[in-house]
Amino acid sequence: MAILVIAEHDNLSLKADTLKTVAAAVAIGGDINVLVAGSNCDAAAQEAAKAAGVSKVLVADNSAFEHQLAENMGLLVTELAGDYSHILASATTTGKNFMPRVAALLDVAQISEIIAVESTDTFVRPIYAGNAIATVQSLDATKVITVRSTGFDAVATDGSAEVVALSNVTDAGTSAFVNAELTVSERPDLGAASVVISGGRGMQNGENFKLLEGIADKLGAAIGASRAAVDAGFVPNDMQVGQTGKIVAPDLYIAVGISGAIQHLAGMKDSKVIVAINKDAEAPIFQVADYGIVADLFDVLPELEAAL
Amino acid sequence: MKVLVPIKRVIDYNVKVRVKPDNSNVDLTNVKMAINPFCEIAVEEAVRLKEAGVATEIIAVSIGSKSCQEQLRTALALGADRAIQIDTELTLDSINIAKLLQKVVDEEQPQIVLLGKQAIDSDNNQTGQMLGALTSMPQGTFASIVKVEGDKVNVTREVDGGLQTVALNLPAIITTDLRLNEPRYASLPNIMKAKRKPLVVKAAEEFGIDLSPRSNLVKVTPPAVREAGVIVETIEELVEKLRNEAKVI
Ligand SMILES: Cc1cc2nc3c(=O)[nH]c(=O)nc-3n(C[C@H](O)[C@H](O)[C@H](O)COP(=O)(O)OP(=O)(O)OC[C@H]3O[C@@H](n4cnc5c(N)ncnc54)[C@H](O)[C@@H]3O)c2cc1C
C-alpha cells in the first residue's frame, strides 16, 4: 500500500496540520509520500522531508499552484493518484476545497474529517455536529480522506525523506486568485495553541475583546469566538470556533459570554479542561465545563488577568 | 442567467440528535426537519441575484424521498421559480448526489450553481466541489461575498487565515458560508403562491447512473459524555484549581 499526503503550507513553511495528517497515514500503514504543490515552495518541501515516517516528498513547484486553487490542485492530485491506495489531506479550508474534486475525478467517495483509523478501509468521523460518531467503511479502490487535526498527534520531525521534483503542471485556466486579507497575529494559531480563550455575544463589542487579550498574553493563548460574536462583527471570521468554524482541542479552553449552543460545542468539547464564565447559571456551556463561574464577565476578567 | 440551487432536507439545527440503541444510525423518527441552513443561505443569495437583475430564473432541486418536497416548497416560497425533486429512498453518497446534479446541470445549463458548503447532518462538505469537478466548472467555496461582473464572478471566501477572493469564469459553482447573507422569512402570500409554482418529480433511476453505495455505515455511537464539573465562587479559587488540580496553567 502507498499513501499520498497532500501538504498544507503557505510556500514558506509547512503547517502543523500536515504532521498530524502524516500521523493518520502512519496509522493506516504503508509507504508514505508527501506532495508539496506550490510556488517557490522549497522551504516547505524541506520541512516536509523531516516528517517522521515519510519516504519521499514530491514537489510540484509552479505558479499554477501558488495559491493552491482547487481546480488546479484537483487535476494535479488526480494525475498522481494512480500510484496510491490512499490520498489524505488535512481538513483545513484548503484541503476541504480541493479534495472532493480529486474524489469526483477518480469517481470515488470522500471520507471527510476522520478522527481515528480502524483499519485500512474503515475510519471514524463525527456527524451531526459531533453528536454522533460514525464508523465508516470505504468500498472504493482508492480512499480519498480528509483528516481532522484534533484526532491525531503530530509525528516527529527527525525524518529525512528524499525530495523529488515533479514536472506536472495542471492549469485549468478557469479561476484566478485576486487577493487575500489574512489576519496577522502575534498569538499562536487557534489550531495549535494549548490554551484558547473565546468570547461570545456577551462581550458586547469588538473593543471589549481587549479584556481577553491581556489574559491570552499571560497564558500564551489563542483567541477564539462564537459565531454570534463573528456575525456581529466583533472579530474576524477566522476566529470562529464550532461545527462550521475551527475545531480545537487545547489543554485549556475558556469560554467567556458564550451560551454553549450545539454548534459551538462541536468545535471545542474535546478540550482537556473547559472553563466557562457566564452570568446565566442555566447556560448549557456549564454542562460541559469542568470549572464554571457564574458572574458578570466585566467584573471577573480583570480579576483573572490580575491573578495570573 | 439561470441559477440552480440544490437543497437538502436535514434535521432542524436546534434539535440534538440521538443515536439508536442498536447503534445502526441516528434516530430521526418524529424529529423536526428543515431545509439545511447553508442551503437556505444559497436560496437567499439566488433570490438576491434575481432582485439585482443578474439572475433570470431560479431552479431549486432536491434529491430524496417525497418528504423533501416540503423543503422545495420552502425554497419556492423564498423566491425560487420552479423545483425538481429527484425521487429516491436511498441514502446516497455525495459522489452519487453530485452525479445526479451533473445531469440536471447538463439539462438546465445554469450559469451559477449555488449550494450550501455543508449539510449539518453528515457534515461532509463535498457535494459542490464534486459537482465542480464533474462539470469542469471552477468553484468559490465558503463564500461570504458574491459579485457577478460580466462573464466572471468574484467570490470572497472564508478561509482559515481570513478571507480570500477568487475570480471564476462562468459557469461556476458557489458554496455558501454563514455570513453571505441573512435569509428572509417567507411571507404568508409567498407561501401560498409557492403551492402553485411548478414542482417536477423525476425518479433517480431515470438518470441511468449507478447509485450503488460507495461506503458502508458500520456503526453509529454516541460521543463520549463530558460530566459537568464544579461551580467555583471566586477567581482565586478558579486559578488555584487550574494550577493545582487540573495543572493546565
Ligand atoms: C448552520 C449553523 C452553523 C453554526 N455554526 C456555528 C459555529 O461554528 N460556531 C458557533 O459558535 N456557533 C455556530 N452557530 C450558532 C449557534 O447556534 C449559536 O447561535 C451561537 O453559538 C451563539 O453564540 P453565543 O454563545 O456567543 O451567543 P448567545 O447564545 O447569545 O450567548 C451569549 C451568552 O453570553 C452570556 N452573557 C451575556 N452578557 C454577559 C456578561 N456580561 N457576563 C457573562 N456572561 C454574559 C449570556 O448569558 C449568554 O449565555 C451555528 C448555527 C447554525 C444554524
Side-chain angles (χ1 to χ4, degrees), chain A residues 70-71 74 92-93 96-97 100-101 103-105 108-110 112 122 126-140 174-183 219 227 231 236-238 244 251-252 262 269 272-273 275 286-294 300 303-304 307-308, chain B residues 11 13 16-17 19 26 93-95 98 118 120-126 129-130 132-134 137-139 141-142 144 154 158-169 178-179 213-223 226 228-232 235-236 238-239 241-242 246 248-249:
Chain A
E71 299 75 18
T92 55
T93 47
K96 288 173 179 173
N97 195 33
R101 288 186 84 102
L105 293 173
V108 300
Q110 172 178 301
S112 292
T122 305
I127 52 175
Y128 291 88
N131 287 305
I133 308 294
T135 302
V136 186
Q137 180 185 31
S138 163
L139 305 174
D140 287 310
T174 51
S175 62
F177 170 83
V178 177
N179 62 41
E181 291 165 52
L182 302 183
T183 309
L219 293 174
R227 172 190 175 182
D231 282 5
N237 64 282
D238 51 278
T244 55
D251 292 338
L252 173 61
I262 298 174
K269 72 176 159 50
K272 203 166 131 212
V273 173
V275 170
F286 288 119
Q287 292 163 21
V288 299
D290 299 280
Y291 303 107
I293 192 158
V294 183
V300 295
E303 274 184 56
L304 178 58
L308 292 169
Chain B
I11 188 168
Y13 79 95
K16 191 169 171 187
V17 78
V19 171
V26 296
D93 287 299
S94 311
I95 180 73
Q118 80 191 62
I120 60 163
D121 51 2
S122 55
D123 281 335
N124 271 325
N125 196 333
Q126 302 175 347
Q129 296 90 314
M130 287 180 163
L134 294 176
M137 285 191 215
Q139 67 189 40
T141 52
F142 329 142
S144 68
N154 275 13
E158 294 201 359
V159 294
D160 288 338
L163 296 169
Q164 181 198 59
T165 302
V166 289
L168 311 174
N169 295 354
L178 294 169
R179 280 159 286 274
R214 304 305 192 83
S215 59
N216 172 16
L217 189 58
V218 180
K219 65 173 180 195
V220 176
T221 54
R226 264 195 105 97
V230 293
I231 296 290
V232 296
I235 285 292
E236 293 84 76
L238 175 67
V239 172
K241 285 203 180 322
L242 291 177
V248 284
I249 60 170

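In the text below, chain A, chain B and the rest are named by the order of the sequence lines, each starting its count at 1.
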Enquirer: Quick check on B:I235 against chain A: is it the side chain, the backbone, both or neither that has a heavy atom closer than 4.5 Å?
Expert: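 Answer is both: backbone and side chain atoms of B:I235 are under 4.5 Å from chain A.
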Enquirer: Is there a donor-acceptor contact under 3.5 Å from the side chain of B:Q129 to the main chain of A:K96?
Expert: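 Side chain of B:Q129 to backbone of A:K96: a pair is present.
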Enquirer: Is it the backbone or the side chain of A:I262 that comes under 4.5 Å from a heavy atom of chain B, or both, or neither?
Expert: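 For A:I262, the side chain is the part near chain B, not the backbone.
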Enquirer: Taking all heavy atoms of A:A132 and all of B:V220, pick out the closest pair and write down the distance.
Expert: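 Closest pair (atom of A:A132, atom of B:V220, distance): CB-CG1, 3.7 Å.
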Enquirer: Given the options A:V275, A:V136, A:T244, which has more heavy-atom pairs under 4.5 Å with chain B than any of the others?
Expert: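 So the answer, after comparing A:V275, A:V136, A:T244, is A:T244.
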Enquirer: Tell me if a side-chain donor or acceptor on B:D160 pairs with a main-chain N or O of A:T93 at a distance below 3.5 Å.
Expert: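 Such a contact is found between B:D160 side chain and A:T93 backbone.
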Enquirer: Heavy-atom distances under 4.5 Å only: say whether B:I231 touches chain A with side chain, backbone, both or neither.
Expert: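 The answer is both parts of B:I231.
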Enquirer: Kindly say whether A:N237 contributes a backbone atom to a donor-acceptor pair with the side chain of B:R179 at under 3.5 angstrom?
Expert: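 Not at all, since once roles are kept as given, no pair shorter than 3.5 Å links the two residues.
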Enquirer: Is A:Q110 close to B:N124 at the side-chain level, that is, under 4.5 Å between some pair of heavy atoms?
Expert: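 Of all side-chain heavy-atom pairs linking A:Q110 with B:N124, none is under 4.5 Å.
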Enquirer: Does any heavy atom of chain B fall under 4.5 Å from the side chain of A:A289, the backbone, both, or neither of them?
Expert: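 Backbone only.
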Enquirer: If you count heavy-atom pairs within less than 4.5 Å of chain B, which of A:L105, A:V273, A:D251 leads?
Expert: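 Greatest number of close heavy-atom pairs with chain B: A:V273.
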Enquirer: Apply salt bridge (Lys or Arg N to Asp or Glu O under 4.0 Å) to A:D140 and list each qualifying residue two or more places apart in sequence or on a separate chain.
Expert: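 By the salt bridge (Lys or Arg N to Asp or Glu O under 4.0 Å) rule, A:D140 matches B:R214.
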Enquirer: Using side-chain heavy atoms (C-beta onward) and a distance below 4.5 Å, is B:T165 in contact with A:E181?
Expert: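 Sidechains of A:E181 and B:T165: no contact.
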Enquirer: Checking B:V26 against chain A: side chain, backbone, both or neither under 4.5 Å from a heavy atom?
Expert: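 Only the side chain of B:V26 comes within 4.5 Å of chain A.
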Enquirer: Is the shortest heavy-atom distance from the side chain of B:Q118 to the side chain of A:S112 under 4.5 Å?
Expert: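 They are not in contact (no side-chain heavy atoms under 4.5 Å apart), so the answer is no.
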Enquirer: Check each atom of B:V239 against the heavy atoms of chain A and say whether the ones under 4.5 Å are side chain, backbone, both or neither.
Expert: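 The side chain, not the backbone.
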Enquirer: Of the listed residues (B:D93, B:L178, B:I11), which shares the most heavy-atom pairs with chain A below a 4.5 Å separation?
Expert: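 Most heavy-atom pairs within the cutoff with chain A belong to B:L178.
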Enquirer: Where do A:P100 and B:N125 come nearest, in terms of heavy atoms and distance?
Expert: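 Shortest heavy-atom contact: CG-O, 3.8 Å.
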Enquirer: Please flag which part of B:S94 lies under 4.5 Å from any non-hydrogen atom of chain A: side chain, backbone, both or neither.
Expert: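 For B:S94, neither part sits under 4.5 Å from chain A.
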Enquirer: Excluding sequence neighbours, so at least two apart, what forms side-chain contact (heavy atoms from CB on, under 4.5 Å) with B:A228?
Expert: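 With sequence neighbours excluded, B:A228 shows a side-chain contact (heavy atoms from CB on, under 4.5 Å) to no residue whatsoever.
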Enquirer: Is the closest side-chain heavy-atom distance between B:Q139 and A:N97 below 4.5 Å?
Expert: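 Side chain of B:Q139 against side chain of A:N97, heavy atoms only: contact under 4.5 Å found.
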Enquirer: List the atom of A:N131, the atom of B:K16, and the distance in Å for their closest heavy-atom pair.
Expert: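 Smallest interatomic distance, heavy atoms only, reads OD1-CE, 3.3 Å.
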Enquirer: Is the backbone N or O of A:S138 less than 3.5 Å from a side-chain atom of B:N216, with the two atoms forming a donor-acceptor pair by type?
Expert: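 Answer holds: no.
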Enquirer: Can you give me the closest heavy-atom contact between A:S175 and B:L168, atom names plus distance?
Expert: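 Closest approach of A:S175 to B:L168, heavy atoms only: CB-CD2, 3.6 Å.
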Enquirer: Counting heavy-atom pairs under 4.5 Å to chain A, which of B:L242, B:V218, B:V19, B:I249 comes out on top?
Expert: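 Looking at each of B:L242, B:V218, B:V19, B:I249 in turn, B:V218 comes out on top.
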Enquirer: For A:E71, is it the side chain, the backbone, both, or neither that has a heavy atom closer than 4.5 Å to a heavy atom of chain B?
Expert: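 Only the side chain of A:E71 comes within 4.5 Å of chain B.
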Enquirer: I need the residue from B:P213, B:G229, B:G161, B:P222 with the largest number of non-hydrogen atom pairs under 4.5 Å to chain A.
Expert: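 The option with the most such pairs is B:G161.
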Enquirer: Is it the backbone or the side chain of B:V230 that comes under 4.5 Å from a heavy atom of chain A, or both, or neither?
Expert: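 Both the backbone and the side chain of B:V230 come within 4.5 Å of chain A.
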Enquirer: Which residue out of B:A133, B:S122, B:A98 racks up the most heavy-atom pairs below 4.5 Å with chain A?
Expert: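 Among B:A133, B:S122, B:A98, the one with the most close pairs to chain A is B:A133.
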Enquirer: Which region of B:L238, side chain (C-beta onward) or backbone (N, CA, C, O), has a non-hydrogen atom less than 4.5 Å from a non-hydrogen atom of chain A, or is it both or neither?
Expert: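 Contact with chain A involves the side chain of B:L238 alone.
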Enquirer: Does any backbone or side-chain atom of B:Q126 lie under 4.5 Å from a heavy atom of chain A? Answer side chain, backbone, both or neither.
Expert: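 For B:Q126, heavy atoms of backbone and side chain both lie under 4.5 Å from chain A.
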Enquirer: Between A:L219 and chain B, with a heavy-atom cut-off of 4.5 Å, which part of the residue counts as in contact: side chain, backbone, both or neither?
Expert: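 When you check distances to chain B, only side chain atoms of A:L219 fall under 4.5 Å.
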Enquirer: Please rank B:D121, B:V17, B:N169, B:N154 by heavy-atom pairs under 4.5 Å with chain A and give me the top one.
Expert: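 The answer is B:D121.
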Enquirer: Which pair of non-hydrogen atoms, one from A:E303 and one from B:E236, has the smallest distance, and what is that distance?
Expert: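 Nearest pair, atom of A:E303 first, then B:E236: OE1-OE2, 4.0 Å.
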Enquirer: Let me confirm one number: the CG-CG distance from B:L163 to A:N179, rounded to the nearest 0.5 Å.
Expert: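 Atom-to-atom, B:L163:CG and A:N179:CG are 9.0 Å apart.
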Enquirer: For residues A:I133 and B:P223, report the shortest heavy-atom separation together with the two atoms involved.
Expert: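 So the minimum-distance heavy-atom pair works out to CG1-CA, 3.8 Å.
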Enquirer: Can you say whether B:A246 sits under 4.5 Å from chain A via the side chain, the backbone, both, or neither, judging by heavy atoms?
Expert: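 Both backbone and side chain.
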